[in-house]
Amino acid sequence: VNYFIPIEKIPASSLKSIMQIHTIPPLNHPEWRKLVHGEIQYTFKSFVFQLTVDDVKKKLAAGTLTESEAVERLHALCQKYKLATYKDIQILFNL
Amino acid sequence: MTPQPQLFTVPEVSEMILRNRLLVVSGDEHLLAQLPPGSWIGGTVPYFTLPEGGIMSQDGIFVTDFTDLASAFRLATYDENTLARITGESYENGFTFLILPFGQPVHFAFALQAPGFENLYQNPLTGLVAGFLWEDFGKVPARTYIGNPGSSETQAVALHVCLPESKLARMEIINIFSPDEQSETITFEEEGFVINDCLIGGKRHNLGKYIQEHRIDIRLPLITDYSGAMINVSLQGIDPVSGSITAGRPVEKNRVYYFAKPVGDYEKAFEKALPEVPENEVFSCNCILNYLHGGLQGKKTASTGPISFGEIGYILLNQTLTYLVVEES
């Protein structure tokens, strides 16, 4: 039995979903910057993202965190929890 | 395998410990004191949510078994001076289960310091605040245990669990409270557990006196928005003379708080918010104030576990149900 499915046999819609699940937009994507500055009001579904967004916004405003550090923190968390957060990422980045 | 959510006897839990199971246990002091040394931490808790409903019991121990999840583990104790190390001592991939003794300096230190812990959000920091029978408030101390004979009235205990690369821990909360649309905004100029003056709708008031004058139900928390996470501050009592209020977690400057909307039926509110046990849930706990104010004795909620005197979800939480899931990464 051949369990290997040639990529051309995977429906385009499924392929797109698979690719999107595993793709977190790069650090230089402008939406990250907007998110950490509160220019985008988006509520993540997961508790740890809510707390992290709140934390980086607060620290940016206080000047104890730079913009790139704030983006890196959020990006790293999205990378870690990419399966749990892919729906948020899809909406946020219009994927 | 984690045992079914039920209360166990001392011999049953002793047998698990002697089989080298990695446990977090909750129960009355006289039960936990009888357990043998081993890989376990515990805290005094006499209230539980079981599949058949909420219960007060001093005759059984609630057990959470992390043995089959952990690829490695560490047990640790912390006091108010060493607590900030906790996130640095967790594994690269895993979670930490923390038990704090209610009303002790380490409890207050956690509430105040946790938001500033280094790498706080790297791994879930979950757990509970150990308590006592509600009628014994102020008479009997909460206790924490790190195997035996390591019990303490003042120290926090923690279990750091390492997960294999294929697993990931995530924690979530259920808050059945929401801001009351009729509420004025409430802001504070000073941070801390003791609340006196504040600005309500931009005007200076003594919060305790305002609550009494407006007949606001003190069983309802103040509530604030952490970028989508609704965080409660429980109000534990008003000094009748000064109007000072003792809060269950510190209020913060630069946040806007609201009075919470009344919740009629707590059981239904939890059922609506969490209709079934979350997939891959490995631990859950609810708050003693939800249990008492919501009359949850004998009532069912989807999640089962100990009833805490404060919940730990990275930071100290009040009147909140927390749960931890471990899923494929």
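Note that this is a predicted model, so its numbers are computed, not measured. The sequence lines fix the lettering, A, B, ..., with proteins before strands; numbering per chain opens at 1.
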Subject >> B/Glu271 atom CD, neighbour heavy-atom count above 12 within 6.0 Å >> reply: no

Original post:
What part of B/Tyr226 is in contact with chain A, defined as an atom under 4.5 angstrom from a non-hydrogen atom: side chain, backbone, both or neither?
Top reply: both

Original post:
Considering residues, nucleotides and ligands other than A/Glu39, do more than 12 of their heavy atoms fall under 6.0 Å from its CD?
Top reply: yes

Original post:
Is the shortest heavy-atom distance from the side chain of A/Thr85 to the side chain of B/Arg170 under 4.5 Å?
Top reply: no

Original post:
Checking B/Glu327 against chain A: side chain, backbone, both or neither under 4.5 Å from a heavy atom?
Top reply: side chain

**OP:** Step through the shown structure and confirm whether more than 12 heavy atoms of other residues, nucleotides or ligands are within 6.0 Å of NZ on B/Lys268.
**Re:** no

**OP:** Measure the OH-OG distance between A/Tyr81 and B/Ser329 for me, rounded to the nearest 0.5 Å.
**Re:** 10.5 Å

Original post:
Which residues, numbered in order, of residues 55-68 of chain A come under 4.5 angstrom of chain B by heavy-atom distance?
Top reply: A/Asp55, A/Lys57, A/Lys58, A/Lys59

Original post:
Among residues 185-195 of chain B, which ones touch chain A with a heavy-atom distance under 4.5 Å?
Top reply: none

Subject >> For chain A, the option from B/Ser227, B/Gly313, B/Ala229 that forms the most heavy-atom pairs under 4.5 Å >> reply: B/Ser227

Original post:
Just how far is it from atom OH of B/Tyr121 to atom CG of A/Leu77, taken to the nearest 0.5 Å?
Top reply: 10.0 Å

Subject >> Side chains of A/Phe47 and B/Leu317 in contact at under 4.5 Å (non-hydrogen atoms) >> reply: yes

**OP:** Measure the shortest side-chain to side-chain distance between A/Lys80 and B/Asn123 over non-hydrogen atoms and say whether it is less than 4.5 angstrom.
**Re:** yes

Subject >> Distance (rounded to the nearest 0.5 Å) between B/Ile173 CD1 and A/Leu51 CG >> reply: 7.5 Å

Subject >> Heavy-atom contact with chain A under 4.5 Å, split by part of B/Asn119 >> reply: neither

Original post:
Which atom pair, heavy atoms only, marks the closest approach of B/Glu172 to A/Ser46?
Top reply: OE2-OG, 2.6 Å

Original post:
For A/Val48 and B/Gln122, what are the C-alpha separation, side-chain angles and deciding distance, and is it a side-chain contact (heavy atoms from CB on, under 4.5 Å)?
Top reply: CA-CA 9 Å; A/Val48 68; B/Gln122 179 171 316; over 6 Å; no

Original post:
Checking heavy atoms, do the side chain of B/Leu120, its backbone, both or neither come under 4.5 Å from chain A?
Top reply: neither

